[in-house]
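Fair warning: this is a prediction, and the values are worked out from it, not measured in the lab.
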Amino acid sequence: QVQLVESGGGLVQAGGSLRLSCGASGRTFSVRAMGWFRQAPGKEREFVAAISWSGTITDYADSVKGRFTIVRDNAKNTVFLQMNRLKPEDTAIYYCAADNEYNPSRTAGNYDFWGQGTQVTVSS
């Protein structure tokens, strides 16, 4: 099994920044592509960003493109999501996910492992 633990969430004013981290432990050789998803109250979980095993391929939802950046440190089994120019509509629980495929996916069902989530709240 693989355990994913997110951190870095919190309360921030609109226009501010947060950096989320997701550390993987356990059978980390199963972890290749990684992604971030979010779920706001009353809404379905949605794709935010994903990164390939090598880190050379990234993908972003249109709503966050140009504001969020996903990077990874394979030596530390960690993926980061730098979130800048945050908006109130970014408020959600953010989940880290890991896939055993090398290339990133926007489909939540493709991911094999999930973290418990971290709350991000952006005030207006």
Side-chain angles (χ1 to χ4, degrees):
Q1 279 290 349
V2 172
Q3 293 77 42
L4 301 176
V5 179
E6 303 98 334
S7 62
L11 173 65
V12 64
Q13 288 188 333
S17 298
L18 283 174
R19 189 190 196 206
L20 304 184
S21 300
C22 173
S25 61
R27 299 167 66 90
T28 55
F29 58 83
S30 298
V31 173
R32 297 190 175 95
M34 297 190 75
W36 288 96
F37 291 76
R38 66 187 182 186
Q39 187 166 17
K43 295 187 177 181
E44 293 187 353
R45 190 171 298 191
E46 65 174 1
F47 169 75
V48 176
I51 188 167
S52 63
W53 163 247
S54 64
T56 58
I57 302 173
T58 57
D59 188 21
Y60 297 93
D62 288 345
S63 59
V64 307
K65 198 172 294 183
R67 300 188 297 122
F68 291 11
T69 303
I70 186 170
V71 296
R72 68 188 299 163
D73 183 341
N74 286 344
K76 297 182 179 180
N77 293 314
T78 302
V79 64
F80 304 93
L81 185 67
Q82 178 67 42
M83 306 186 295
N84 298 328
R85 291 184 282 136
L86 283 160
K87 305 175 181 180
E89 50 263 44
D90 294 319
T91 295
I93 299 175
Y94 283 70
Y95 296 90
C96 173
D99 188 2
N100 63 6
E101 298 293 335
Y102 285 96
N103 288 327
S105 170
R106 294 188 170 206
T107 305
N110 288 349
Y111 289 83
D112 303 290
F113 307 103
W114 290 84
Q116 293 299 307
T118 185
Q119 177 71 48
V120 171
T121 303
V122 184
S123 63
S124 57

The side-chain contact (heavy atoms from CB on, under 4.5 Å) partner of R38 among D90, T91, T118 is D90

Give a yes or no on whether [X] and [Y] share a hydrophobic cluster (residues Ile, Leu, Val, Met, Phe, Trp, Tyr; joining criterion: side-chain heavy atoms under 4.5 Å apart).
| X | Y | result |
| --- | --- | --- |
| V120 | V48 | yes |
| L86 | F80 | no |
| Y111 | I70 | no |
| V64 | Y95 | no |
| F68 | I93 | no |

What distance separates [X] [atom1] from [Y] [atom2], expressed to the nearest 0.5 Å?
| X | Y | atom1 | atom2 | value |
| --- | --- | --- | --- | --- |
| R32 | D99 | CZ | CG | 9.0 Å |
| Q82 | R67 | CD | CZ | 12.0 Å |
| T56 | I51 | OG1 | CD1 | 8.0 Å |
| E6 | Q116 | CD | CD | 7.5 Å |

Check your understanding: Should the ring pair F47 and F37 be called parallel, tilted or perpendicular, given that the plane angle runs from 0 to 90° and is split at 30 and 60?
Key -> perpendicular

Apart from Y102 itself, its cluster of hydrophobic side chains linked below 4.5 Å comprises W53

4.5 Å side-chain heavy-atom contact, C96 and W36: yes

If the threshold is 4.0 Å, N to carboxylate O, is there a salt bridge linking D62 and K65?
yes

Of all heavy-atom pairs linking G55 and T58, the shortest is O-CG2, 4.4 Å

Residues 9-21 side chain polar contacts: donor-acceptor under 3.5 Å, at least two apart:
residue, atom, partner, partner atom, Å
S17, OG, N84, OD1, 2.9

By side chain to side chain contact (heavy atoms under 4.5 Å, CB included), A98 pairs with (sequence neighbours left out) L4, V31, M34, F113

